[in-house]
2 protein chains.
Amino acid sequence: MQLAEQIRYLMLAVQREGNRYFNDALRPLDLTAAQAEVLRVLQEYQPISLGELGNLLVCEHGSPSRLVNGLVTMGLVERVTSKRDGRYVTLTLTELGKERAEVVVQIEAKMDEQIMELIEHASIEPLLEVFWRYIEDRPSGLALARRTKWHVPHRDAAHKEASHAD
Amino acid sequence: MQLAEQIRYLMLAVQREGNRYFNDALRPLDLTAAQAEVLRVLQEYQPISLGELGNLLVCEHGSPSRLVNGLVTMGLVERVTSKRDGRYVTLTLTELGKERAEVVVQIEAKMDEQIMELIEHASIEPLLEVFWRYIEDRPSGLALARRTKWHVPHRDAAHKEASHAD
DNA sequence: ACGTAATACATGATATGTCATACATTGATA
DNA sequence: TATCAATGTATGACATATCATGTATTACGT
């Protein structure tokens, strides 16, 4: 099995195991990794529309309605139809949602510690350039570029216009 | 967003986009990435039991019954209950399955070319060391170690006993 | 003012990953 | 020979990723 194939499978394995670890850590909160990401994005960008949320999540779908529905049902997110434009819904965290988001921050911090220990003596940053080059024009890469001020090779990510929140 | 968080999301984004690309390339074959992996594992290890297949796939589940059921339905895999031990089923590729597996090989080869171009001037092996260190004792890492002769840091992967195929 | 195109979101359908539980078969023991 | 533990596989239930399609609302042109 050659190097490229090894890379493909290793990426899948690492991502899969990391996600499993993250889901395990989130279980006491009764949250999944995808739900946690939504809480964190709302924490940083609220109030925002469903479509904008979809543009910021590392996954591509027109509008993450069902994902958000679950969080609304759990009492973590509030959804209000925009008065200004009835097509939009405005999403914000409830008080409970803010508390849960803070716990997610702590769980993520522990994972980040482990990652930093793993890469402590590895010269990994040139490879992040390679990753960025692979995804830069694809939906997930665009979502990540929007969320961060990371150096994006070859061009700056266009900033999205202001939220339609009422 | 700090380095560790960037790594987490980049891993997810790269894996997700790569999987989407792979699924797109497989669509004319009416296959998904998971099904393609099964075909390739059977191509290399057949005849094998369901549990053994599960141990070789980069994902952990007791037995990938439903995944295999779909491939049997499509006429790509043959499943026979073992005469020697009625608990076991023996899996092999049909003629059509072998043909499809060969096409998957070609699709994978194209992806591997792109990966090699991406990493042409990057020193990626320190990153692979980090990846191996992260997953080596986890189910996906064990599956990969079983499938390959890759250098696994700190110890050799134990080889699984011979298949129960009749 | 009205009709149509565009936009935002919701839902249907399918695949699959994950955890838990159930069923069938075999091996070990008394 | 009968019983129980162990093993391999199947299935239930849920979440979610993905693609496609449908619904509601707004913007635009006449």
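Everything quoted here is computed from the prediction, not taken from an experiment. Chain A is the first sequence line, chain B the second, and so forth, proteins listed ahead of strands; every chain is numbered from 1.
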Give me, pair by pair, the N or O atoms of the protein and of nucleotides 20-24 of chain C that are less than 3.5 Å apart, along with how far apart they are.
none

Indicate whether the side chain of A/Ser140 and that of B/Glu17 have a donor and an acceptor atom separated by less than 3.5 Å. yes
Over how many whole Å does the gap from B/Arg16 atom CZ to D/dT16 atom P extend? 11 Å
Can a salt bridge be assigned to the pair B/Glu37 and B/Arg40 using a cut-off of 4.0 Å between side-chain N and carboxylate O? no
In whole Å, I'd like the distance from the CG atom of B/Leu67 to the P atom of C/dA15. 11 Å
Does A/Leu118 offer a backbone N or O that forms a donor-acceptor pair with the side chain of B/Arg133 under 3.5 Å? yes
OP1 or OP2 of C/dG17 less than 4.0 angstrom from a side-chain nitrogen or oxygen of A/Arg20, does that happen here? no
Could you check whether A/Lys110 pairs with A/Glu113 (Lys NZ or Arg NE/NH1/NH2 to Asp/Glu carboxylate O, under 4.0 Å)? no
Would you say CG of A/Asp30 has more than 12 non-hydrogen atoms from neighbouring residues, nucleotides or ligands within 6.0 angstrom? no
Taking the side chain of B/Thr32 as its heavy atoms from C-beta onward, which of D/dC19, C/dA8, C/dT16 lies nearest to it? C/dT16
May I have the distance from B/Arg27 (atom CZ) to D/dC19 (atom C1'), rounded to whole angstrom? 8 Å
Between P on D/dT9 and CG on B/Leu57, what's the gap in Å once rounded to a whole number? 13 Å
Just checking, B/Arg84 and B/Tyr88: is the charged tip under 6.0 Å from the six-membered ring centre and within 45° of the axis? no
Nearest-Å distance, CG (A/Asn23) to C1' (C/dG17)? 10 Å
Atom-pair distance (CG on A/Leu31; P on D/dC14), nearest Å: 18 Å
Test your reading of the model: is there a side-chain donor-acceptor pair from A/Thr94 to the backbone of A/Gly75, 3.5 Å cut-off? yes
Walking DNA chain D from its 5' end, the first of A/Gly86 and A/Ala34 to be reached, judged by nearest nucleotide, is A/Ala34
Rounded to whole Å, the OH-C1' distance (A/Tyr88 to D/dA24) equals 14 Å
In terms of the nearest nucleotide of DNA chain C, which residue is placed more toward the 5' end: B/Gln35 or A/Arg79? A/Arg79
Among C/dT18, C/dT11, C/dT7, find the nucleotide with the atom closest to the side chain of A/Asn69. C/dT11
d(CG, A/Asp24; P, C/dC19) in whole Å: 6 Å
